[in-house]
Amino acid sequence: MLPLEAWASRPVTEVAVSLLGSTLRHGPVTVRITEVEAYAGESDPASHAHRGPTPRTRVMFGAPGRLYVYRSHGLHWCANIVCGPDGLASAVLLRGADVIAGEAEARTRRGGVPYERLARGPGNLASALGLTGTDSGALLSRAPLGWTAAHTPVGQVQRGPRVGVSGASEREWRFWLAGEPSVSAYRRSARAQPG
DNA sequence: CTACCGATATTCT
DNA sequence: GAATATCGGTAGA
């Protein structure tokens with residue numbers, strides 16, 4: 001567990017691991033995070049921040065504790081948590097979670113899928129929480145959002161290469177909790193080098 | 001399990 | 001103007 005105030009002074013990978021098991025609320029829906037990926041700012045070729053600040057990515061270059069939400073493939077919204085420190089543009093992509101409150105509200109957006117698929121995958125997670133582009137830049141500490149640190153079950157943390165990135169695949173910066181059904185299936189990027 | 005492909009904001013040329 | 005993308009549902013094997 002790592003309090004929000006400590007995020008700026010820790011490596012983004014450590015913050016990412018500490019987010020596993022913590023909870024995020026948006027309105028009536030609360031989820032417990034089971035899978036994340038770390039993105040290390042401008043120096044990380046897989047990060048949206050790699051080419052410097054743009055109107056879309058500006059929020060990542062600011063202080064930690066805000067959401068960065070972007071549209072993926074023209075169809076889905078995906079949510080990141082900005083980790084800081086200020087200027088470095090580090091962020092953690094939320095890839096999988098369990099819905100622990102507000103399941104009925106989540107189902108109005110996700111339909112009658114099995115429970116473990118309500119928030120499995122970054123697009124589905126943002127959908128279950130009802131996050132869209134208008135939530136990009138919103139403070140985690142301010143309603144309707146809420147974030148609660150929890151003790152990370154360190155012995156259950158596993159790691160592997162990030163999903164869907166075409167570069168920097170040697171960085172095993174995807175972290176998840178072993179045995180959680182809400183962890184998404186691994187899909188290699190269509191452009192990743194075979195092997 | 002794998003393969004396909006939708007539909008669009010954002011960025012680059 | 002064109003290329004790209006931190007993906008997911010569905011069809012088919």
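Each chain gets a letter, A, B and so on, in the order its sequence line appears, and its residues count up from 1. When reading the values below, keep in mind they use all heavy atoms of this one structure, side chains included, and skip hydrogens, waters and symmetry mates.
Residue A/Arg187 is classed as a base contact, given a heavy-atom separation below 4.0 Å to a base. Across all strands shown, A/Arg162 has no heavy atoms under 4.0 Å from either base or sugar-phosphate atoms. Using a 4.0 Å heavy-atom criterion, one finds that A/Ser184 contacts no nucleic acid atom at all. Using a 4.0 Å heavy-atom distance criterion, A/Ala91 is classed as making no nucleic acid contact.
The nearest whole Å value for the distance from the CZ atom in A/Arg51 to the C1' atom in B/dA9 is 16 Å. At whole-Å resolution of the value, CG in A/Leu75 and C1' in B/dA7 are 5 Å apart. In this structure, the CZ atom of A/Arg174 is 14 Å from the C1' atom of C/dC7, given to the nearest Å. If you measure from atom CZ of A/Arg110 to atom C1' of C/dG8, you get 9 Å, rounded to the nearest angstrom. Rounded to a whole Å, the CD atom of A/Glu35 is 10 Å from the P atom of C/dC7. In this entry the distance linking CG of A/Asn80 with P of C/dC7 reads 11 Å, nearest Å. For A/Trp77 and C/dA5, the CH2 to P distance is 18 Å, given to the nearest whole Å. Taking atom NE2 on A/His73 and atom C1' on C/dG8, their separation rounds to 10 Å, with Å as the unit.
Counted by atom type alone, A/Trp173 and A/Glu37 present zero donor-acceptor pairs between their side chains at under 3.5 Å.
Just one of A/Glu35, A/Arg120, A/Arg117 meets the side-chain hydrogen bond (donor to acceptor under 3.5 Å, both in side chains) condition when paired with A/Ser184; it is A/Glu35.
Partner assigned to C/dC7 is B/dG6, using Watson-Crick or G-U wobble distances below 3.5 angstrom.
Residue side chain A/His76 fails the stacking definition with respect to C/dC7, as its ring centre and the base's six-membered ring centre are not both under 5.5 angstrom apart and under 30 degrees in plane angle.
Of the charged side-chain nitrogens involved, none lies within less than 4.0 Å of a carboxylate oxygen, so that A/Arg110 and A/Glu103 do not count as a salt-bridged pair.
In terms of polar N and O atoms assigned as donor or acceptor, the side chain of A/Arg120 never comes within less than 3.5 Å of the base of C/dG8 in a complementary pairing.
Annotation: side chain of A/Pro122 is not in contact with side chain of A/Trp77 (no heavy-atom distance under 4.5 Å).
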CA sep, side-chain torsions, deciding dist, call: A/Glu170, A/Arg162, salt bridge (charged side-chain N to carboxylate O under 4.0 Å, His left out): CA-CA 9 Å; A/Glu170 77 285 358; A/Arg162 292 177 290 187; over 6 Å; no

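The side chain of A/Arg71 approaches B/dA9 more closely than any other nucleotide in the set C/dC7, B/dA9, B/dG6.
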